[in-house]
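First the structure, in the form of structure tokens, and then the observations on it.
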Amino acid sequence: MTQIKICGITNRTDALTAAACGADALGFIFYEASPRYVTPDLARTICRDIPDGVVRIGVFVNADASKVIEIVDFCGLDMIQLHGDESPDYCRRFPAERLIKAVSFQGDGDPATLADYAVRAILLDHREAGRYGGTGKPSDWNLAGRIKALYPLILAGGLHEGNIEEAIRTVAPDAVDLNSGVEQSPGTKDQEKVRNIIEIIRKIDSLHPSSNRSSLIFLS
């Protein structure tokens with residue numbers, strides 16, 4: 001099964017809609033420069049209403065480790081996603097089985113260098129100058145396939161109804177991270193897009209069950 005994370009949640013309605021549609025995880029961005037930033041107070045309120053079994057993930061960018069731990073505990077988050085320039089040493093401050101590290105190097109990068117990160121999964125995203133994801137542009141799928149051969153992989157970057165089937169067939173990721181491709185505007189999800197893309201993913205899984213032996217990444 002391809003697990004599904006809906007990221008950039010900023011309100012209760014979007015969270016409950018995504019959960020009802022079958023999302024496995026919801027992401028809350030605690031990076032103030034992001035248009036999808038959510039305060040810990042609001043995230044905590046939303047998290048209290050999310051059904052059991054839906055994983056709550058905090059997304060952080062170059063944050064102080066003590067602040068990350070504080071927010072995780074305050075909001076009752078299940079997992080941590082580090083989406084900045086965090087080093088392997090920094091990542092070792094957190095439990096590896098609860099940690100996702102986002103990377104964005106291009107096709108000339110060497111996936112073997114990611115072995116220094118003690119994490120549950122690698123998330124591949126597209127990054128532009130001054131923007132740590134959320135660009136709406138695809139990541140390098142060829143590189144994603146090379147990473148997937150070595151590590152559990154979450155594919156992110158410009159995924160939407162029009163390309164999700166090709167992305168899954170090309171990369172066979174363990175999970176996908178959906179954000180801008182299921183929005184009306186930054187921070188506000190489009191319920192129809194969320195519902196449709198999850199239906200597409202589940203249909204792909206049902207049609208090719210023997211070829212989809214993905215690792216389960218999201219832990220509640």
Side-chain angles (χ1 to χ4, degrees), residues 2-63 71-72 74-84 100 102 104 123-139 154-165 167-168 173 175-202 218 220:
T2 306
Q3 288 192 298
I4 301 167
K5 171 173 171 265
I6 304 295
C7 200
I9 295 294
T10 63
N11 62 79
R12 181 178 182 275
T13 298
D14 287 349
L16 296 183
T17 296
C21 288
D24 299 289
L26 302 179
F28 300 87
I29 298 175
F30 300 103
Y31 177 52
E32 293 187 18
S34 170
R36 302 169 182 89
Y37 168 73
V38 63
T39 66
D41 284 334
L42 179 55
R44 183 185 191 187
T45 299
I46 298 171
C47 284
R48 286 173 172 172
D49 291 336
I50 295 173
D52 291 342
V54 179
V55 177
R56 302 149 175 84
I57 302 177
V59 180
F60 302 88
V61 176
N62 301 331
I71 292 175
V72 168
F74 178 76
C75 296
L77 303 175
D78 301 302
M79 298 185 74
I80 299 167
Q81 179 177 316
L82 301 178
H83 215 94
I100 298 164
S104 59
L123 183 149
L124 182 66
D125 199 0
H126 179 88
R127 181 186 295 187
E128 294 180 344
R131 298 183 65 184
Y132 291 91
T135 64
K137 296 181 180 181
S139 54
I154 304 171
L155 183 65
L159 298 173
H160 52 75
E161 294 175 59
N163 66 10
I164 190 64
E165 183 172 358
I168 291 175
V176 292
D177 187 296
L178 310 173
N179 194 342
S180 62
V182 293
E183 287 184 325
Q184 294 179 358
S185 60
T188 302
K189 303 308 178 193
D190 183 309
Q191 295 186 20
E192 184 175 357
K193 288 181 179 179
V194 170
R195 184 177 298 107
N196 288 348
I197 199 168
I198 291 178
E199 287 180 354
I200 291 170
I201 295 168
R202 295 306 181 221
F218 302 129
S220 60

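- Asn163 contributes a side-chain N or O that, together with a main-chain N or O of His160, makes up a donor-acceptor pair within less than 3.5 Å.
- Across every non-hydrogen atom of Ala156 and Ser139, the tightest pair is O-OG, 2.9 Å.
- In this structure, CZ on Phe28 lies 8.5 Å from CG on Leu42, to the nearest 0.5 angstrom.
- At least one side-chain heavy atom of Leu123 sits under 4.5 Å from a side-chain heavy atom of His83.
- At distances below 3.5 Å, not a single donor-acceptor pair connects side-chain atoms of Ser34 with backbone N or O atoms of Phe30.
- The shortest side-chain heavy-atom distance between Glu183 and Asp190 does not fall under the 4.5 Å cut-off.
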Inset, instruction - Could you please spell out the steps behind the side-chain contact (heavy atoms from CB on, under 4.5 Å) verdict for Leu82 and Ile80? - result: CA-CA 6 Å; Leu82 301 178; Ile80 299 167; 3.7 Å; yes

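- Here Asp177 contributes atom CG and Leu159 contributes atom CG; the two are 8.0 Å apart, rounded to the nearest 0.5 Å.
- Within the 4.5 Å cutoff, side-chain heavy atoms of Lys193 are placed close to those of Glu161.
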Inset, instruction - Decide yes or no on side-chain contact (heavy atoms from CB on, under 4.5 Å) for Leu26 and Val55, but give the supporting numbers first. - result: CA-CA 6 Å; Leu26 302 179; Val55 177; over 6 Å; no

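- Using a 4.5 Å heavy-atom threshold, the side chains of Ile4 and Ile201 count as touching.
- Under a 3.5 Å cut-off, the side chain of Asp49 and the backbone N or O of Ala15 do not form any donor-acceptor pair.
- Contact annotation: the side chain of Arg36 never approaches that of Ile9 to less than 4.5 Å [non-hydrogen atoms, C-beta and beyond].
- Here the shortest heavy-atom pairing between Val59 and Cys7 reads CG2-SG, 3.9 Å.
- Between Gln3 and Asp24, the shortest heavy-atom contact is CA-OD2, 3.2 Å.
- In this structure, Thr188 contributes its side chain and Gln184 its backbone to no donor-acceptor pair below 3.5 Å.
- A donor-acceptor pair is defined here as one N or O able to donate and one able to accept, closer than 3.5 Å; such a pair exists between the side chain of Arg56 and the backbone of Cys47.
- Contact detail for Leu155 and Ala167: the closest heavy-atom pair is CD2-CB, 3.9 Å.
- Annotation: the span from Asn11 atom CG to Leu16 atom CG amounts to 9.0 Å, rounded to 0.5 Å.
- Geometric assessment of Arg44 against the ring of Phe74 yields a positive cation-pi assignment under the 6.0 Å and 45° thresholds.
- Nearest approach of Gly8 to Ile29, heavy atoms of both residues: CA-CD1, 3.9 Å.
- Taking a 6.0 Å sphere around CZ of Arg202, one finds it holds more than 12 heavy atoms contributed by other residues, nucleotides or ligands.
- Annotation: side chain of Thr10 is not in contact with side chain of Lys189 (no heavy-atom distance under 4.5 Å).
- With contacts defined as side-chain heavy-atom distances shorter than 4.5 Å, the pair Ile100/Phe218 qualifies.
- Annotation: side chain of Ile197 is in contact with side chain of Leu178 (closest heavy-atom distance under 4.5 Å).
- Nearest heavy atom pair, residue Ala25 against residue Ile57, reads CB-CD1, 3.8 Å.
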